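A quick write-up on the structure given underneath.
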Amino acid sequence: MTQNKKVLNWLEEMKALTKPDEVVWIDGSEAQLEALRAEAVATGEMIKLNQEKLPGCYYHRTAENDVARVEERTFICTETKEEAGPINNWMAPAEMYAKLNKLYDGSMKGRTMYIIPYSMGPVGSPFSKIGIELTDSIYVVLNMNIMTRIGKSVIDALGEDGDFVKCLHAKKDVNPDERYIVHFPQDNTIMSVNSAYGGNVLLGKKCFALRIASYQGMKEGWMAEHMLILGLENPQGEVKYIAAAFPSACGKTNLAMLIPPEYLKKKGYKVWTVGDDIAWIRKGADGRLYAINPEAGFFGVAPGTSVKTNFNALESTKKNTIFTNVAINNDDMTVWWEGLDKNPPENATEWKGAKVNGKEFTADGNKLAHPNSRFTAPAVNCPCISPEFENPQGVPLSAIVFGGRRAKTAPLVYQAFDWNHGVFVGATMASETTAAAAGAVGVVRRDPMAMKPFVGYNMADYFAHWIEIGAGLDPEKAPKIFHVNWFRLDDEGHFMWPGFGDNMRVLNWILDRCEGKVDAKETAIGYLPKEIDTTDLDIDPKAMEELLSIDKEVWLEEVASQKEFFAQFGDRLPKEIMEEHNALEKRLNDM
Ligand code: O2Y
Ligand code: MN
């Protein structure tokens, strides 16, 4: 497949370490992928679903102990602990390599090693980067085929001397006590062992496209962000692009695929999805920031996805999709999960593999699908996929939006005063825990730019990188920065804002602000709307007023909590962040 010496030398080293019985290059051809699907079905690794109702769709079940990303076993191994910072788990590279080499030694004996060349971003785009993942899992090969661009075209693009990210994955015996997801940013290397589940093993996604790429971006002057990208088309046919970061459980995939409310649809408004999870952002020749989605598919959480909550995501799963840990309807070999509809199949197999009567099983409070069960669906299946999805130059960003789940603190939407204030708004992003999360309800979890689990270096340096990127932009051309909160509660604990498609009303205000079309109120925390379009919406004007208000006492508590969070970064925290923090405190005290 290649004459690239860096690839060949590394391969020889990894083969000697893991000792596979066989080695197979993945060329990306449909014939090869189809043979692998057949082999996975024959061994029971995958189950073929109803090919009339779900053409090209397969099912996979992971071990019970292996159903989510494992942050406590995820490491950033830089030469010094300071380079990884206080948020990341760290171990010295030499020590970690020694530990891992023992675990990988002979781990592929009796197994086949698959070599997957893959591109994050369209092959050949100036934004794109290449990785090679070695794995002993057909599930990984087939998922990587959906989530990234794989095969011969990637090896051709790499050429004889190109650099790549080295990714080694071995399932081993899926022992959670010896599970490691390790990043060596200074060596362009990722090593994953003892897991066979999604985010731990599809190494192009969080491991490369966020952790390693954020480090590369810091060194090379660009940004890897945990952001959706959407295009909003107005009735004149103009499309403006927004990138948005949210912590988990804040409806990111729903926003990326939003369906406008009926009256805006009739006027001609549309939303186009460029990406649902990750954005790579860099300055274009015209001085604006441009973004691509480096992925080719969606690894979406299934429970809660329905015709009502996210029609476009559901449509995306109708063909060529892999379902992981959902339930099977044995009557017609289709899939089911909580929140899909109100009819759990009576003849079901739940996610752990037991045959059950779904109606009785769920009536007892049991779940048929694991709460973190997933679909891996090709982005091209999405009915609202943007025509710019494959544009190698990316799309120009008008706005960057940060969000959180706050009961009282944050208003529905506000705009930062300028870039550095916007960086501060992102750095202070937080969500309050809900009843669905483990532990106490209402605890504030700080998640700067939604990147807490994903920055591949010291988060204080990451803030500095954001500030540096802004310093290199003409303020007229820089995206404007906003914060939204769809989750404000009234005194009875009810959501005050309808959310879902109606969030489009807020996006319209954001874009109007970007184009200087509407005035705003200047407040201590930023610019707030004088008005949000509520046409056809059954919402009390008093509730609207409250949604667009701030409470001085609540905000002073927020400022104190921010200070505690920032303290862990010591002197490494950029002075601009503390200046913004002090300025906010002063404005609040002057209120
Ligand atoms: O649990 C996993 O492995 C998946 S986590 C995930 C998947 C898709 C998009 N985002 C996430 C996330 O944790 O942010
Ligand atoms: Mn994510």
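Whatever order the structure lists them in is the order used to number ligands and atoms, beginning at 1. Nothing here was measured: the structure is a model prediction, and the numbers come from that model.
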Exercise for the section: Give the atoms of ligand 1, by number and element, whose distance to some non-hydrogen atom of D277 is under 4.0 Å. Expected result: 9 (C), 10 (N)
Handout entry: the Mn ion (ligand 2) - closest N/O/S atom in H226
Key = NE2
Practice task
Report the nearest protein non-hydrogen atom to atom 7 (C) of ligand 1: residue, atom name, distance rounded to 0.1 Å.
Solution key: R374 NH1, 3.0 Å
Problem - ligand 1 versus F298: contacting region, heavy-atom distance under 4.0 Å - result: neither
Problem - Test of proximity, K206 against ligand 1: N or O pairs below 3.5 Å - result: yes
Fill in the blank from the handout: Here the atoms of ligand 1 under 4.0 Å from any heavy atom belonging to H226 are 14 (O)
Practice task
May I ask you to list the atoms of ligand 1 that are less than 4.0 angstrom from any heavy atom of K205?
Solution key: 7 (C), 8 (C), 9 (C)
Handout entry: Residue from Y197, Y139, Y59 passing side chain to side chain donor-acceptor pair (under 3.5 Å) with T324
Key = Y139
Exercise for the section: Could you please spell out the steps behind the side chain to side chain contact (heavy atoms under 4.5 Å, CB included) verdict for R406 and R488? Expected result: CA-CA 6 Å; R406 304 303 299 264; R488 192 124 164 191; over 6 Å; no
Practice task
Kindly give the heavy-atom pair with the smallest separation between A170 and D136, and that separation in Å.
Solution key: CA-OD1, 3.6 Å
Handout entry: R69, any N or O under 3.5 Å of ligand 1 N or O
Key = yes
Problem - Side chain to side chain, T376 and M147, heavy atoms closer than 4.5 Å - result: yes
Problem - Nearest-0.5 Å distance, CD1 of residue I115 to CD1 of residue I132 - result: 8.0 Å
Practice task
Answer yes when R73 and E178 have at least one side-chain N-carboxylate O distance shorter than 4.0 Å, and no when they do not.
Solution key: no
Fill in the blank from the handout: Counting from 1 in the order shown, the ligand 1 atoms closer than 4.0 Å to a non-hydrogen atom of A68 are 1 (O)
Practice task
If you have a sec, work out which protein heavy atom is nearest atom 8 (C) of ligand 1 and how many Å separate them, to one decimal?
Solution key: F299 O, 3.1 Å
Problem - Min N/O separation G199 to ligand 1 under 3.5 Å - result: yes
Problem - Trace of the side chain to side chain contact (heavy atoms under 4.5 Å, CB included) decision for L168 with Y104 - result: CA-CA 9 Å; L168 176 64; Y104 282 102; 3.5 Å; yes
Practice task
Determine whether more than 12 heavy atoms belonging to other residues, nucleotides or ligands lie under 6.0 Å from atom CD of Q186.
Solution key: yes
Fill in the blank from the handout: Contact region, N372 to ligand 1, non-hydrogen atoms below 4.0 Å, reads side chain
Practice task
Quick one: closest heavy-atom pair of K129 and F208, and the distance?
Solution key: CB-CZ, 3.5 Å
Problem - NZ (K206) to the Mn ion (ligand 2) to OD1 (D277) angle, given to the nearest 10 degrees - result: 100°
Problem - Proximity flag Y197 to ligand 1, non-hydrogen atoms under 4.0 Å - result: yes
